[in-house]
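Nothing fancy with the numbering, it's 1 onward along the sequence. All ligand and atom numbering here is 1-based and tracks the order in the structure.
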Amino acid sequence: MPFALSGIKNNIMKLFDVYPINDINIVKALGSNVWDDKGNKYLDMYGGHAVISIGHTHPHWVKSIETQLEKIAFYSNSIKIPLQQVLADKLGRVSGKNNYQLFLCNSGAEANENALKLASFHNGRKKIVAFTKAFHGRTSLAVAVTDNPSIVAPVNETGNVTFLPFNDEAALKAYFEKYGKEISSVIVEGIQGVGGIRIASKSFLQLIRSLCTEYGAVFIADAVQCGYGRTGKFYSHDHAAVDADIYSMAKGMGNGFPIGAISISPEIAPKHFMLGTTFGGNHLACAAAIAVLEVIENEQLMENATRIGDYLLSEIKKIPQLQNARGKGLMIGFDVPDELKDLRSHLLSRHKIFTGTSKPNVIRLLPSLALSKNNADDFLEALREEVSVLSAQLNNIPANAEL
Ligand SMILES: Cc1ncc(COP(=O)(O)O)c(C=O)c1O
């Protein structure tokens with residue numbers, strides 16, 4: 001009862017307090033910059049959590065949404081929505097998977113939920129293999145394959161999921177040898193995002209492919225964070241030259257407009273009503289997603305992600321205090337030693353730079369794929385300065401002293 005009354009007591013509806021938030025109100029955005037209500041300008045090396053693919057408020061994206069909004073924003077999936085086919089054609093071309101089939105939904109969790117469910121419909125099996133430190137979302141099955149018990153509610157617990165050590169080929173082989181014919185699907189991020197920018201090795205992804213083929217299991221590539229061109233290839237799994245059976249995607253797909261999808265191999269046949277959604281694939285979301293793909297192609301943003309990403313990574317590797325700099329394209333992480341634990345908060349408070357994090361000590365960079373060399377240099381300058389200030393404080397040496 002106190003649950004129901006707490007809002008009434010104060011006579012004010014509160015926000016359900018599930019996020020630790022920075023006290024910053026962003027009111028404007030353009031490209032790789034955002035501005036707060038006090039007029040402060042920030043560099044966004046976080047891409048609003050890997051969502052901003054083509055840059056904030058890109059003019060082509062804004063115009064496409066505005067134009068569509070004036071015509072029709074939504075009608076149900078009970079009628080033809082030709083924009084869905086336009087989107088499918090473009091996605092097939094840009095992703096290099098023309099013969100795949102597209103199912104549209106609204107978020108990354110929903111994409112994975114549908115992928116896991118579709119796999120089970122397809123082969124009639126129940127067991128799912130996922131990996132340590134994986135994050136796949138917060139809906140029922142998506143959270144069940146997420147390796148974080150603190151966000152799995154008792155109702156989401158299922159005996160169907162086994163977590164194997166990430167990148168451990170022997171463990172994967174042994175599990176398949178024992179349970180292969182019962183395994184419905186294997187779900188894996190090409191680069192773990194929330195898990196701390198951990199790259200799936202080529203041979204690990206290739207082994208997943210060959211075992212899934214041999215045993216009739218479905219290979220689900222979670223490309224929600226590492227996909228959509230972020231790593232310089234459309235899906236980060238492409239670096240291993242494998243074709244998954246289902247790719248899930250969301251974040252960068254709409255550049256901030258909510259949309260998710262799965263791209264499904266031609267081997268998996270649809271049946272009416274097996275999947276469905278009210279909002280997925282609506283006119284407005286399709287217009288946003290089409291504009292994103294047009295900009296990715298026209299502005300060669302995957303090439304830019306490779307070029308600027310390689311540059312950033314090589315420069316970060318030169319900073320001796322930062323450890324294990326790693327990543328691909330514009331999905332980069334490095335470990336911050338305990339002595340520099342204030343680095344991320346100082347980048348924000350002193351340099352007005354947003355970055356991402358992963359527990360316990362990783363800084364994650366997930367900027368727009370249109371990040372410029374100047375943006376990268378501004379970030380690097382701030383990073384070098386802050387590392388040297390914090391290191392100097394540690395040793396009680398003035399930061400500008402000749403060493
Ligand atoms: C790899 C991965 N999969 C799935 C999700 C869930 O996406 P959403 O928050 O859109 O449901 C995320 C979100 O961070 C993610 O990083």
N or O contact, K251 vs ligand 1, cut-off under 3.5 Å: yes
Flag: protein heavy atom within less than 4.0 Å of atom 9 (O) of ligand 1: no
Heavy-atom neighbours of Y215 OH exceed 12 at 6.0 Å: yes
Polar atom proximity, A109 to ligand 1 (N or O, under 3.5 Å): yes
Non-hydrogen atom of Q192 closer than 4.0 Å to ligand 1: no
Partner of L91 under side-chain contact (heavy atoms from CB on, under 4.5 Å), chosen from Y228, Y247, Y100: Y228
More than 12 heavy atoms of other groups within 6.0 Å of Y75 OH: no
Distance-only donor-acceptor check, side chains D147 and T132, under 3.5 Å: no
Protein residue, atom and distance nearest to atom 15 (C) of ligand 1, heavy-atom basis: F135 CD2, 3.7 Å
Numbering as shown, the atoms of ligand 1 that approach E189 to under 4.0 Å (heavy-atom distance): 1 (C)
Any E110 heavy atom less than 4.0 Å to ligand 1: no
Ion pair check, K90 and E297, cut-off under 4.0 Å: no
Qualifying salt bridge (charged side-chain N to carboxylate O under 4.0 Å, His left out) pairs, either residue in residues 354-377, two or more places apart: K373-D377
Residues K173, D168: salt bridge by 4.0 Å N-O rule: no
Contacting atoms of ligand 1, where contact means under 4.0 angstrom from a heavy atom of V224: 2 (C), 3 (N), 4 (C), 5 (C), 7 (O), 12 (C), 15 (C)
Residues which pass ring pair (Phe, Tyr, Trp, His ring centres under 6.0 Å) with H351, listed by chain and number, not counting sequence neighbours: none
For atom 16 (O) of ligand 1, the protein heavy atom that lies nearest, with its residue and separation: Q225 NE2, 2.9 Å
Heteroatom distance test (G108, ligand 1): nitrogen or oxygen, under 3.5 angstrom: yes
For D222, the ligand 1 atoms whose distance to one of its heavy atoms is below 4.0 Å: 1 (C), 2 (C), 3 (N), 4 (C)
Modelled atom types, side-chain donor and acceptor of R384 and S388, under 3.5 Å: no
Ligand 1 contact on T139 by region, counting heavy-atom pairs under 4.0 Å: neither
Within reach of ligand 1, part of H136 (heavy-atom separation under 4.0 Å): backbone
Residue E381 excluded, over 12 heavy atoms near CD under 6.0 Å: no
Atoms of ligand 1, numbered as shown, that sit under 4.0 Å from any heavy atom of S107: 10 (O), 11 (O)
Proximal atoms of ligand 1 relative to N112 (non-hydrogen, under 4.0 Å): 3 (N), 4 (C)
